[in-house]
Amino acid sequence: MIDINLIRDNPELVRENIKKKFQDKKLPLVDEIIRLDAKKRELQLEGDRRRAQRNTLAKSIGTLMREGKREEAEEAKTASKENNDRIAVIEAECDETEKALKAAMMSIPNIIADDVPIGRDDSENVQGKVFLEANEKPFDVPYHLDILESLGGIDVDAARRTSGNGFYYLTGDIARLHSAVLTYARDFMIDKGFTYCIPPYMIRSDVVSGVMSFEEMEGMMYKIEGEDLYLIGTSEHSMIGRFMGTVLNESSLPQTLTSYSPCFRKEKGAHGIEERGIYRIHQFEKQEMIVICKPEDSDFWYEKMWSYTVELFVSMEIPVRQLICCSGDLADLKYKSCDIEAWSPRQKKYFEVGSCSNLTDAQARRLGIRYKNAATGKNEFAHTLNNTVVAPPRMLIAFIENHLQADGSVYIPEVLRKYMGGKDKILPKK
RNA sequence: GCAGAGAUGGCGGAGUGGUCGAACGCGCACGACUCGAAAUCGUGUUACGGGCAACUGUACGGGGGUUCGAAUCCCUCUCUCUGCGCCA
């Protein structure tokens, strides 16, 4: 949600921004908001005036009663009643206007950064920097499920029986590798100065509706039957929710946190072959990072955050690139976003393994995350950012494809060996 | 699950129908002291909205009610805490 003052002061900027995102159907909303806002203020003005009158009348009645002027008091009471009836009407109308205004405001996209490339959809995203050379293997790289099976690392058949499609059992060294990657990523972020946090894996509906839109919620979130609880789709939900409705001390910013959690997603809709296997599943684990900072610092942290993910992947010798999200592909809450994509030697293209976003104050405004600006003494909205450190199942695809050797073994890079009992490779099952 | 208690500012915590936007404490800001800091002392400090401004409205967990007037009385919902039960 953007600041209403921006629409009051500079509606043209807001319209331009909507056009940049190819959401022209939302253009009429701007005028609608200006109209509703004016109406709301008008109603509020009259409401305020009448409420002020109610207060004066009530006070005078108190005085009159004390002085024993009963008749005058009765007259004032009648006047007050009439006034109150009118207040009720105005308040009802004001509520309605406010609701409509808020609904319209919710659909207005956040102002995007100047350097966001303009494009309609994900096909127009722009490649940023590339890290490590995207090598081609001298042999055919099989589908990741086949590699995992050859290593004795996965059982999807049993998972289908116990839980249905979109689940897996990881076993043996592959399961260990999965945990190793998480543990390594955790330590990596701690070394960068982030505070490690394990959050709740279930959150209440008010937190859910604060961190995402209703549509997103329908498509993603699992609800616990008979309780006001949802399984988190990412630890960002509970990590950001932690600060809902709070006013932080400026000295406590930036909050730089890294969190581990399992993530649960409905993943409604059909997905192609490249999104099967362990690419898109109902339950996975993820190491996440979030930053809550002062507005002037969010650009700095954005650059820092995505480059940490790159550094992590590079340290595991996996080629990656930054893919800059274009205007049309940017979710409405986002100011700027990029994906980190890993190289797939099988597909001979990059695929998403993480996503970094700067939401500026849009999410904070919705959730009421503020900080006390020491210079002005005012409470101001903080900026929120989030980024994937690593989501092991998805990164395992990149890992085994890139580190697969001609003999069918999988090479383990140096940084992970201490988490793998010193092993430098995973051997295929005989 | 059952029983009791509670929900007030950034935090803790007073406040039982008008003089309460709210004592007191902590925190925070500024100042004094100091080479500097800590400690100490002094001053200030609820938030959000409307209005060019003077000014004004709203908010004491949510919703509803009583009343001319509600933090305060009534109903209802939610949540939290303590004890008991159950249990990694």
Side-chain angles (χ1 to χ4, degrees), chain A residues 1-9 33-102 104-105 198 200-210 223-230 238 241-255 262 292 294 361 364-382:
Chain A
M1 188 153 63
I2 65 166
D3 190 346
I4 181 102
N5 284 309
L6 197 59
I7 297 183
R8 281 181 201 157
D9 300 342
I33 285 169
I34 291 170
R35 190 185 65 80
L36 287 168
D37 180 48
K39 186 179 172 195
K40 194 206 90 180
R41 283 194 280 178
E42 205 173 289
L43 286 166
Q44 189 177 344
L45 208 63
E46 191 185 349
D48 280 2
R49 223 185 48 238
R50 286 189 179 270
R51 275 185 291 262
Q53 199 181 353
R54 177 177 68 189
N55 291 342
T56 359
L57 279 171
K59 258 184 203 140
S60 73
I61 291 166
T63 318
L64 289 169
M65 293 292 261
R66 241 173 283 136
E67 291 172 351
K69 296 176 179 165
R70 285 203 65 96
E71 268 179 44
E72 281 177 59
E74 286 306 320
E75 263 173 51
K77 275 192 193 183
T78 318
S80 183
K81 257 184 187 151
E82 271 172 33
N83 192 45
N84 285 352
D85 289 345
R86 182 67 193 147
I87 289 175
V89 174
I90 292 164
E91 278 182 352
E93 203 176 338
C94 195
D95 273 5
E96 205 177 303
T97 312
E98 220 162 34
K99 241 180 231 162
L101 181 62
K102 193 175 176 197
M105 282 298 289
I198 299 174
Y201 304 152
M202 296 183 211
I203 49 174
R204 294 217 176 101
S205 54
D206 59 335
V207 183
V208 176
S209 51
K223 187 173 187 337
I224 304 296
E225 199 181 352
E227 315 242 356
D228 181 30
L229 284 174
Y230 290 80
S238 38
R242 182 179 171 201
F243 298 95
M244 194 164 104
T246 60
V247 180
L248 296 152
N249 237 326
E250 188 178 324
S251 58
S252 70
L253 296 180
Q255 291 275 335
I292 297 177
K294 293 191 272 179
D361 63 357
R365 180 170 285 108
R366 260 170 94 143
L367 287 164
I369 301 174
R370 295 174 297 169
Y371 74 101
K372 188 165 284 289
N373 184 321
T376 63
K378 292 277 169 212
N379 292 337
E380 289 169 17
F381 289 109

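In what follows, every chain begins at residue 1, and chains take the letters A, B, ... in the order their sequences are listed. The model shown is predicted, which means the values in this text are computed figures rather than measured ones.
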Checklist line | Protein-nucleotide distance (A/R365, atom CZ; B/rC48, atom C1'), rounded to Å | finding: 13 Å
Next item on the list: Tell me the partner of B/rA23, counting only Watson-Crick (N1-N3 plus N6-O4 or O6-N4) or G-U wobble (N1-O2 and O6-N3) with both under 3.5 Å; none if nothing fits.
Entry: none
Check: If you check every side-chain atom of A/S80, which of B/rG10, B/rG50, B/rC68 has the closest atom?
Finding: B/rC68
Note to self: Among B/rC68, B/rC28, B/rU56, which nucleotide has an atom closest to any side-chain atom of A/D48?
What the structure shows: B/rU56
Next item on the list: Would you mind reading off the distance between A/E250 atom CD and B/rU45 atom P, rounded to a whole angstrom?
Entry: 20 Å
Item checked: C1'-based separation of B/rA23 from B/rU8 [nearest Å] -> 13 Å
Next item on the list: Using a cut-off of strictly less than 4.0 Å, decide whether A/R54 has a side-chain nitrogen or oxygen near OP1 or OP2 of B/rU58.
Entry: yes
Next item on the list: For B/rG9 and B/rA5, measure between their P atoms and round to the nearest Å.
Entry: 22 Å
Notebook entry, point to check: Does B/rU67 have OP1 or OP2 sitting under 4.0 Å from an N or O in the side chain of A/K81?
Noted result: no
Notebook entry, point to check: About how many Å separate OG of A/S209 and CZ of A/R204, when rounded to the nearest 0.5 Å?
Noted result: 12.5 Å
Next item on the list: Could you grab the distance from atom CG of A/L248 to atom NZ of A/K372, nearest 0.5 Å is fine?
Entry: 12.0 Å
Check: In whole angstroms, how far is the P atom of B/rA70 from the NZ atom of A/K59?
Finding: 12 Å
Check: Considering only side-chain heavy atoms of A/A58, which listed nucleotide, B/rA29, B/rC48, B/rG69, is closest?
Finding: B/rG69
Notebook entry, point to check: Would you call A/D361 and A/E380 a side-chain contact if the rule is heavy atoms closer than 4.5 Å?
Noted result: no
Margin query: Would you say A/R86 and A/N83 are linked by a side-chain donor-acceptor pair, where the criterion is simply a distance under 3.5 Å?
Written below: no
Item checked: Closest to the A/Q44 side chain, choosing from B/rG49, B/rG51, B/rU58 -> B/rG49
Next item on the list: Please figure out whether A/R204 or A/D37 has its closest RNA chain B nucleotide nearer the 5' end.
Entry: A/D37
Margin query: In whole Å, I'd like the distance from the CG atom of A/D95 to the P atom of B/rG64.
Written below: 9 Å
Margin query: Any strand counts, and the cut-off is 3.5 Å on both contacts for Watson-Crick or G-U wobble. Which nucleotide pairs with B/rU43?
Written below: B/rA29
Margin query: Using heavy-atom distances to pick each residue's nearest nucleotide on RNA chain B, tell me which of A/A52 and A/K40 is more 5'.
Written below: A/K40
Note to self: Whether A/D37 and A/R41 form a salt bridge (side-chain N of Lys/Arg under 4.0 Å from carboxylate O of Asp/Glu) is what I want to check.
What the structure shows: yes
Note to self: Taking B/rC79 as the reference, what is the distance to B/rG63 when you measure between their C1' atoms (whole Å, please)?
What the structure shows: 14 Å
Item checked: Paired nucleotide for B/rC68 [Watson-Crick or G-U wobble; both distances under 3.5 Å] -> B/rG18
Next item on the list: Check the distance between B/rG50's P and A/R51's CZ and give it to me in whole angstrom.
Entry: 14 Å
Checklist line | Distance test, side-chain N/O of A/R370 to OP1/OP2 of B/rC48, below 4.0 Å | finding: yes
Next item on the list: Please measure how far the C1' atom in B/rG15 lies from the corresponding atom in B/rA3, and state the result in whole Å.
Entry: 28 Å
Check: So what does A/R8 touch, heavy atoms closer than 4.0 Å: a base, only the sugar-phosphate, or nothing?
Finding: sugar-phosphate
Next item on the list: Could you check which nucleotide pairs with B/rC35 in any of the strands shown, counting Watson-Crick or G-U wobble with both distances under 3.5 Å?
Entry: none
Check: Can you tell me how far C1' in B/rC41 sits from the matching atom in B/rC33, rounded to whole Å?
Finding: 9 Å
Next item on the list: With heavy atoms under 4.0 Å as the rule, sort A/N379 into base, sugar-phosphate or nothing.
Entry: sugar-phosphate
Margin query: Measuring from atom NZ of A/K40 to atom CD of A/E98, what distance do you get when rounded to the nearest 0.5 angstrom?
Written below: 5.0 Å
Check: Expressed as a whole number of Å, how far does the P atom of B/rC84 sit from that of B/rU76?
Finding: 29 Å
Item checked: Complement of B/rA88, any strand, by Watson-Crick or G-U distances under 3.5 angstrom -> none
Check: Between the base of B/rG57 and the side chain of A/N55, is there a donor-acceptor distance below 3.5 Å?
Finding: no
Notebook entry, point to check: Nearest to the side chain of A/N84 - B/rA29, B/rG69, B/rG57?
Noted result: B/rG69
Notebook entry, point to check: When the C1' atoms of B/rA7 and B/rC77 are considered, how many whole Å apart are they?
Noted result: 14 Å
Item checked: Integer-rounded Å distance: B/rU19 P and A/I61 CD1 -> 14 Å
Next item on the list: Would you mind reading off the distance between A/K372 atom NZ and B/rA29 atom C1', rounded to a whole angstrom?
Entry: 10 Å
Note to self: Rounded to whole Å, please give me the gap between NZ in A/K77 and C1' in B/rG69.
What the structure shows: 10 Å
Note to self: Taking any heavy-atom pair under 4.0 Å as a contact, classify A/L45: base, sugar-phosphate, or nothing.
What the structure shows: sugar-phosphate
Notebook entry, point to check: Stepwise, does the salt bridge (charged side-chain N to carboxylate O under 4.0 Å, His left out) test hold for A/R51 with A/E91?
Noted result: CA-CA 10 Å; A/R51 275 185 291 262; A/E91 278 182 352; 2.7 Å; yes
Next item on the list: Go through B/rG27, B/rA47, B/rG51 for me and flag the one nearest to the A/N249 side chain.
Entry: B/rG27
Notebook entry, point to check: According to the Watson-Crick and G-U wobble definitions, with both distances under 3.5 Å, which nucleotide is paired to B/rG4?
Noted result: B/rC81
Next item on the list: Quote, to the nearest angstrom, the P distance that separates B/rC24 from B/rU43.
Entry: 12 Å
Checklist line | Minimal non-hydrogen separation, A/A104 against A/I33, with atom names | finding: CB-CG1, 3.6 Å
